[in-house]
Amino acid sequence: MKPISLFVLGVMAVAMSAPAQAQVIEARRKPITTDPSEKPLLAAPNDALAKEATVIKWNSDFTYEVLKQGTSRMVCYDLSGWPGEEPWSVECTSSDANMPRIAQNRAFAEMGSKASPTVEGGKPVLSSSGTGGIRELVLAAAKDGTRVLSEVGSIWYNLRGDSQDTAIWHTFVGMPNLKGTQVGLPEVRDAGGAWLMFADTPEAHIMLPGR
């Protein structure tokens with residue numbers, strides 16, 4: 001087995017085992033949390049990682065301030081109500097090296113929300129970073145080489161929905177510019193199990209089943 005495949009297997013094992021049991025995840029939804037230094041931690045897969053994570057607050061100019069300094073590389077933040085996000089939305093990334101990408105995502109979301117979206121079949125086209133004009137910005141950045149990449153193997157944990165009670169979990173692993181053959185995974189969803197979405201692009205990431 002190639003080294004990259006072994007690396008991917010290790011990352012996937014962490015990503016898929018971290019939430020452990022559904023009841024553990026559901027227990028972390030409650031009680032309803034509004035504290036700005038605690039709410040983002042609901043996106044962390046378990047209490048141990050949440051305890052060690054840093055919590056930040058994004059500013060309107062896409063800089064951020066630290067609300068709680070952690071001891072690990074994981075960073076969590078609240079995106080509720082931001083352009084391209086659900087009314088209730090929190091996220092954690094396993095690597096602080098992803099902060100420049102997140103800032104670019106926020107900037108693209110802000111600019112994209114003011115642009116005319118690409119429409120197919122009467123609906124805005126979805127991208128991995130949001131809807132509408134965001135897609136054009138992401139593609140343009142990929143083309144001119146200014147798209148900020150995820151750290152390879154970094155894990156992203158999202159919890160999004162209309163409210164904390166109805167939010168849905170989504171976990172993926174950043175694998176920018178890699179192909180399915182390089183990571184030992186299919187590039188189509190209907191192959192069963194994990195698969196590589198947006199293969200061979202800056203947006204490439206591993207989609208995990210049931211996440």
Side-chain angles (χ1 to χ4, degrees), residues 11 15 36 39-44 53-70 72-119 124-160 167 169-179 182-183 196-208 211:
V11 171
K39 178 183 175 183
L41 295 174
L42 293 174
T54 291
V55 178
I56 66 166
K57 176 182 181 295
W58 285 103
N59 298 317
S60 58
D61 62 355
F62 316 118
T63 60
Y64 62 87
E65 55 187 280
V66 176
L67 300 181
K68 182 184 82 72
Q69 183 62 54
S72 71
R73 296 185 66 197
M74 178 171 283
V75 182
C76 302
Y77 38 90
D78 186 0
L79 296 176
S80 302
W82 278 71
E85 295 294 333
E86 299 286 350
W88 196 96
S89 177
V90 291
E91 182 173 80
C92 294
T93 177
S94 66
S95 173
D96 51 10
N98 287 325
M99 300 310 293
R101 178 179 173 88
I102 302 166
Q104 187 181 60
N105 286 348
R106 295 300 93 222
F108 282 175
E110 179 70 22
M111 291 185 288
S113 68
K114 300 175 182 178
S116 298
T118 296
V119 176
V125 175
L126 296 176
S127 79
S128 64
S129 303
T131 62
I134 303 172
R135 180 173 184 268
E136 282 70 29
L137 293 168
V138 169
L139 292 175
K143 185 175 181 179
D144 65 21
T146 59
R147 182 59 167 138
V148 181
L149 304 181
S150 293
E151 182 178 75
V152 174
S154 59
I155 308 171
W156 300 72
Y157 304 97
N158 311 137
L159 184 58
R160 296 170 176 159
W169 293 88
H170 176 55
T171 304
F172 62 91
V173 182
M175 286 289 167
N177 295 325
L178 293 178
K179 301 177 181 179
Q182 293 175 289
V183 299
L196 188 68
M197 188 174 186
F198 298 129
D200 199 24
T201 75
E203 310 310 305
H205 59 273
I206 297 173
M207 296 288 286
L208 302 174
R211 297 289 183 270

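Looking at every heavy atom in both residues, P176 comes nearest to S150 through CG-O, 3.2 Å. Closest of all the heavy-atom pairs between I134 and G84 is CD1-CA, 4.5 Å. When every heavy atom of V55 is checked against every heavy atom of P40, the shortest pair comes out as CG1-CG, 3.8 Å. Nearest heavy atoms, A44 versus C92: N-SG, 3.5 Å.
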Check the pair L79 / W58 against side-chain contact (heavy atoms from CB on, under 4.5 Å), numbers first and verdict last. CA-CA 8 Å; L79 296 176; W58 285 103; 4.0 Å; yes
Using the rule given for side-chain contact (heavy atoms from CB on, under 4.5 Å), can you reason through E65 versus I56, listing the C-alpha separation, both sets of side-chain angles and the distance that settles it, and then say yes or no? CA-CA 6 Å; E65 55 187 280; I56 66 166; over 6 Å; no
side-chain contact (heavy atoms from CB on, under 4.5 Å) between Q182 and M175: does it pass, once the steps are laid out? CA-CA 10 Å; Q182 293 175 289; M175 286 289 167; over 6 Å; no
Pair V75-M99, side-chain contact (heavy atoms from CB on, under 4.5 Å): steps then yes or no: CA-CA 9 Å; V75 182; M99 300 310 293; 3.8 Å; yes
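A donor-acceptor contact shorter than 3.5 Å links the side chain of S72 to the backbone of M74. With hydrogens and angles disregarded, a donor-acceptor distance shorter than 3.5 Å links the side chain of Q104 to the backbone of T146. Not one N or O on the side chain of E110 forms a donor-acceptor pair closer than 3.5 Å with the backbone of A107. The backbone N or O of V148 sits less than 3.5 Å from a side-chain atom of R101, completing a donor-acceptor pair. Judged by distance alone, with hydrogens and angles left aside, the side-chain atoms of S80 form a donor-acceptor pair with the main-chain N or O of S89 at under 3.5 Å. Panel note: side chain N59, backbone D61; no donor-acceptor pair is recorded below 3.5 Å.
For the residue pair E151 and N98, no side-chain donor N or O sits within less than 3.5 Å of a side-chain acceptor on the partner. Residues E91 and Y157 bring no donor and acceptor atom of their side chains to less than 3.5 Å of each other.
K68 places a side-chain heavy atom less than 4.5 Å from the side chain of L41. Using a 4.5 Å heavy-atom threshold, the side chains of R135 and F108 count as separate. Proximity of V138 to E203: side-chain heavy atoms (C-beta onward) are separated by under 4.5 Å at one or more points. Looking only at side-chain heavy atoms (C-beta outward), D78 and K57 stay at 4.5 Å or farther from each other. At least one side-chain heavy atom of N177 sits under 4.5 Å from a side-chain heavy atom of L149. W88 is not listed as a side-chain neighbour of R160, based on a closest heavy-atom distance of 4.5 Å or more. Contact check for D200 versus L178: no side-chain heavy atoms found under the 4.5 Å cut-off.
If you take CZ on F172 and CE on M207, they are separated by 8.5 Å, rounding to the nearest 0.5 Å. We find the CG-CD distance between L159 and E86 to be 11.0 Å, quoted to the nearest 0.5 Å. Separation of atoms CG (L139) and CZ (R147) is listed at 10.0 Å; rounding is to 0.5 Å.
Screening T93, T54, D96 against R73 for a side chain to side chain donor-acceptor pair (under 3.5 Å) leaves a single residue, D96.
No more than 12 heavy-atom neighbours from other residues, nucleotides or ligands sit within 6.0 angstrom of OH on Y64.
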